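Below, read A as the first sequence line, B as the second, and so on, with proteins coming before strands; counting in each chain starts at 1. Predicted, not measured: the structure shown is a model, and the values here were computed from it.
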Number of protein chains: 2
Amino acid sequence: MDRAYKEVQQITLAVDCIIFGFNNNQLEVLLIHRGFEPEKERWSLMGGFVGNREDLDAAAHRILHDLSGLEDVYMEQVRTFGKADRDPYERVVSTTYSALILKEQYKAELIAQYRARWFSIDDLPNLIFDHKQMIVSALNRLRRRVRTVPIVFNLLPKKFTLPQLQLLYEGILGEELDKRNFRKKLNTMDFLVKLDEKDMSGSRKGAYYYQFDENKYNRTMNFNI
Amino acid sequence: MDRAYKEVQQITLAVDCIIFGFNNNQLEVLLIHRGFEPEKERWSLMGGFVGNREDLDAAAHRILHDLSGLEDVYMEQVRTFGKADRDPYERVVSTTYSALILKEQYKAELIAQYRARWFSIDDLPNLIFDHKQMIVSALNRLRRRVRTVPIVFNLLPKKFTLPQLQLLYEGILGEELDKRNFRKKLNTMDFLVKLDEKDMSGSRKGAYYYQFDENKYNRTMNFNI
DNA sequence: ACAAAAGTGTTTTCGGTACACCCATGG
DNA sequence: CCATGGGTGTACCGAAAACACTTTTGT
């Protein structure tokens, strides 16, 4: 605990982002193809170092913004990876953040610039260092969280249909859900608003659009899928 | 992501331990009375800096060992506190670990040396920096975890009685539990072994000792209080 | 008319909760 | 014999799970 100890500390602090999106009815992660050393030409999470006067959370948002062009994205800290040899080149401790984004809003030119690509969570490429573990822990956390906190709506447009929402849950949880039970549950917790408009793109009959109503949710704060 | 950025990084990485114990039928936290600057003479968590070649987890164990003399203690990472101004003296990012220990096993002389003291979780003193928040988040995590993972047994001696176990749960969860329902649940999940021996210290009748059987638990891995 | 997805209720099962009395023993 | 904490079983309720048919409409 004495100062001398700390003064010689040579550890770099980084942030890595696990960026989730919902595409092709699958939960996907955005990875970058590294155009720089070390580990050039391999896949990795989007990461970066923390600024000296920058909040850790702010660093995560900055890094996400660099890749996506997005601000005000929903992010949560997951955990910190601190094995001494996790990065074989230098001592870096990295805190992971999980982000939920809407694919349509990405700046395609940035994605291209970083040579980024979406990967289905059950078809990941080889990743550098411990990035695979980072994704696994973020996914586990996400699976727990989506059942009790209304965060999935960050992965959908403002207006979405119930079949869409159900597919999203199935993609995240990795299991099929019963349509009737799913809808019944959503009905009992009353935070979805049915619009008069239908999405005709997926079927002949068309599916009604819904919206998440934050105020309604805040009245009860009860959420349990 | 370029090296130059990182080379000027001046952030110190620390670990703080939230040490839980069960005493006087209450959940308590071990705090130290700082005999050193900064914030001398105030209460804080036991913490320290991470060594250059030391795993983050190892740093937490080392720090806990320094205070308690204990090895092989059950610890879990909680989360990382990274606000730029959380420590007004210098830039320190701190990862918190929660430890579950058995009060009887502490080395009293070390506790004395650090002028440490146990505090009931609902009667905490003023704490430096964001240490109060750290305790709150560790406690929240603990409350969630004890319901689904058999970690409470780290807070009890090998042999314990059901009244003891129930008091411990009540202390952690901060609510009273129904004796019959509590025991019924424990019975349906079959990982406790009843011994032939009784603890006569708490009552005339005496309470049977039980042990947690890890093998039995591993067969089903089902735990839900 | 038919294919394809959207929408809708009921029954059963199981776990959660509420609740009150007897037991063993040391004094 | 009595005070004290230890130990036990049942009835009710609500949430979760299982399950199949009708509706709409573009072709």
Legend entry - Atom pair CZ/NZ of B/F223 and B/K185 - distance to nearest 0.5 Å: 10.0 Å
Legend entry - Point-to-point distance, once rounded to the nearest 0.5 Å, from OG of A/S44 to CE of A/M134: 10.0 Å
Spell out yes or no: do the side chain of [X] and the base of [N] have one donor N/O and one acceptor N/O closer than 3.5 Å?
X      : N      : value
B/R180 : C/dA20 : yes
B/K184 : C/dT17 : yes
B/K205 : C/dA24 : no

Rounded to whole Å, please give me the gap between [atom1] in [X] and [atom2] in [N].
X      : N      : atom1 : atom2 : result
A/I225 : D/dA15 : CD1   : P     : 14 Å
B/E197 : C/dA24 : CD    : P     : 19 Å
B/R183 : C/dC23 : CZ    : C1'   : 13 Å
A/D178 : D/dA15 : CG    : P     : 18 Å
A/L162 : C/dT8  : CG    : P     : 9 Å
B/K185 : C/dG15 : NZ    : P     : 11 Å
A/N181 : C/dG7  : CG    : P     : 16 Å
B/F182 : D/dG6  : CZ    : C1'   : 14 Å

Inset, instruction - Ignoring backbone atoms, test whether B/R204 places a side-chain nitrogen or oxygen under 4.0 Å from the OP1 or OP2 oxygen of D/dG6. - result: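 No, B/R204 has no side-chain N/O under 4.0 Å of OP1/OP2 on D/dG6.
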Inset, instruction - Check whether any side-chain N or O of B/N224 sits under 4.0 Å from OP1 or OP2 of C/dG16, and answer yes or no. - result: yes
Legend entry - Ring-ring centroid check B/F153 B/Y74, cutoff 6.0 Å: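 Between B/F153 and B/Y74, the centre distance exceeds or equals 6.0 Å.
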Inset, instruction - Classify the ring geometry between A/F212 and A/Y217 as parallel (under 30°), tilted (30 to 60°) or perpendicular (over 60°). - result: tilted
Legend entry - Minimum-distance nucleotide to A/K179 side chain [options: C/dT8, D/dA17, C/dC19]: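 Nearest nucleotide to the side chain: C/dT8.
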Inset, instruction - Mark yes when over 12 heavy atoms from residues, nucleotides or ligands other than B/N218 sit less than 6.0 Å from its CG; otherwise mark no. - result: yes
